[in-house]
Amino acid sequence: MRHALVASGLCILMLASGCGTTRTTSTARTATEQLLVSDAIDRAVGQVNFRALAGQSVFLADDALGTVVDKQYLSSSLRQHLLASGCILREKREDADFVVEARAGVVGTDSHDLLFGIPAMQVPQLGAFSGVAPAAIPEVAFAKRQEQRGLAKVAVFAYHRNTGMPVWQSGLAVSDSTAKNFWVLGAGPFQKGTIFNGTNFAGGELKGAIPFTGGPAEGEPEPVALGQEASFASPLLFAAVDDEEKAQQPGRAIPAPQMASEPAGANK
């Protein structure tokens with residue numbers, strides 16, 4: 001009788017038991033790639049100083065961005081930075097006193113891999129085994145490094161909408177972001193870079209690790225004049241002149257812009 005009850009209980013448990021599955025998907029672009037690109041954009045836009053246009057009504061012309069990667073994020077970041085710098089944004093070009101035009105030379109990622117060990121390879125079969133599929137030798141890595149970089153190169157300039165005269169240019173804002181993965185004797189990945197908070201191990205934060213302090217290398221040469229910030233004329237110079245009055249008096253002289261900074265190397 002006792003055995004019958006145990007058997008009945010086991011049958012009930014087997015019938016009541018079940019299993020569950022979890023469905024996972026991956027986006028077309030990895031989260032790491034998106035973080036690298038957005039972080040590089042944030043750093044590059046943060047280098048632009050819009051204070052020369054503070055208090056002025058501006059229109060952001062982003063047509064030159066074309067089909068650049070994450071154009072909407074870059075355009076929105078520029079708009080936010082304009083507002084944070086004290087500029088007054090206008091949705092229509094004709095409502096603004098100044099036009100701010102943005103362009104991007106680079107927005108993208110690249111990667112570098114380094115392996116200390118034996119890479120994976122296919123060994124062809126010879127002799128009697130010539131018809132057999134090649135044997136695969138797996139990768140044997142004593143140490144391995146994988147580095148991904150996000151790069152962004154942004155430039156902005158402004159001009160007076162009615163006269164087309166130059167007012168200001170930002171110079172070249174170039175920045176990068178990094179994500180580095182390390183494996184040692186099969187253990188890893190150890191992760192660090194600008195998109196991580198300190199050093200991670202297999203996706204989790206590694207306690208007691210020295211935080212990554214990235215930054216530009218010392219001794220880098222200064223950029224050429226095109227890459228220097230320069231103010232051509234104060235926006236107040238144009239704000240003081242009534243646009244309609246100038247249109248009615250085509251012969252009225254327009255003050256020539258004054259360079260507020262000299263190109264790099266002018267005094268060298």
Would you indicate whether the side-chain heavy atoms of [Y] and [X] approach each other to under 4.5 Å?
{"X": "H160", "Y": "F98", "result": "yes"}
{"X": "V69", "Y": "T109", "result": "no"}
{"X": "F50", "Y": "V100", "result": "yes"}
{"X": "V58", "Y": "L89", "result": "yes"}
{"X": "D62", "Y": "L78", "result": "no"}

Would a single hydrophobic cluster contain both [Y] and [X], if residues Ile, Leu, Val, Met, Phe, Trp and Tyr are joined by side-chain heavy-atom contacts under 4.5 Å?
{"X": "V154", "Y": "L151", "value": "no"}
{"X": "L115", "Y": "V140", "value": "no"}
{"X": "F59", "Y": "L83", "value": "no"}

Side chain [X], main chain [Y], donor-acceptor under 3.5 Å:
{"X": "R161", "Y": "E94", "answer": "yes"}
{"X": "T194", "Y": "T178", "answer": "yes"}
{"X": "S77", "Y": "Y73", "answer": "yes"}
{"X": "Q34", "Y": "R29", "answer": "yes"}

Cluster companions of [X] among Ile, Leu, Val, Met, Phe, Trp, Tyr (side-chain spacing under 4.5 Å):
{"X": "I88", "result": "none"}
{"X": "F116", "result": "L114"}
{"X": "F196", "result": "L35, L36, I195"}

Over all heavy atoms of both residues, which pair between [X] and [Y] is shortest? Give the atoms and the distance, please.
{"X": "V48", "Y": "H81", "value": "O-NE2, 2.7 Å"}
{"X": "D176", "Y": "R149", "value": "OD2-NH2, 3.2 Å"}
{"X": "Y159", "Y": "R93", "value": "OH-NH1, 3.3 Å"}
{"X": "W183", "Y": "Q146", "value": "CZ3-CB, 4.1 Å"}
{"X": "A40", "Y": "S175", "value": "O-CB, 4.0 Å"}
{"X": "A54", "Y": "C87", "value": "N-SG, 4.2 Å"}

From [atom1] ([X]) to [atom2] ([Y]), nearest 0.5 Å:
{"X": "R145", "Y": "F190", "atom1": "CZ", "atom2": "CZ", "answer": "15.5 Å"}
{"X": "S75", "Y": "I41", "atom1": "OG", "atom2": "CD1", "answer": "10.5 Å"}
{"X": "Q191", "Y": "N181", "atom1": "CD", "atom2": "CG", "answer": "5.0 Å"}
{"X": "Q80", "Y": "S85", "atom1": "CD", "atom2": "OG", "answer": "10.0 Å"}
{"X": "T27", "Y": "E33", "atom1": "OG1", "atom2": "CD", "answer": "8.5 Å"}
{"X": "Q148", "Y": "K180", "atom1": "CD", "atom2": "NZ", "answer": "12.5 Å"}

With R79 via side-chain hydrogen bond (donor to acceptor under 3.5 Å, both in side chains) - residues at least two apart |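 For R79, the residues satisfying side-chain hydrogen bond (donor to acceptor under 3.5 Å, both in side chains) (neighbours in sequence not counted) are E91.
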Residues two or more places apart in sequence or in another chain: which of them pass side-chain hydrogen bond (donor to acceptor under 3.5 Å, both in side chains) with T30?
-> none
Going by the salt bridge (Lys or Arg N to Asp or Glu O under 4.0 Å) test, which pairs reach into residues 105-115, not counting sequence neighbours?
->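 Found none.
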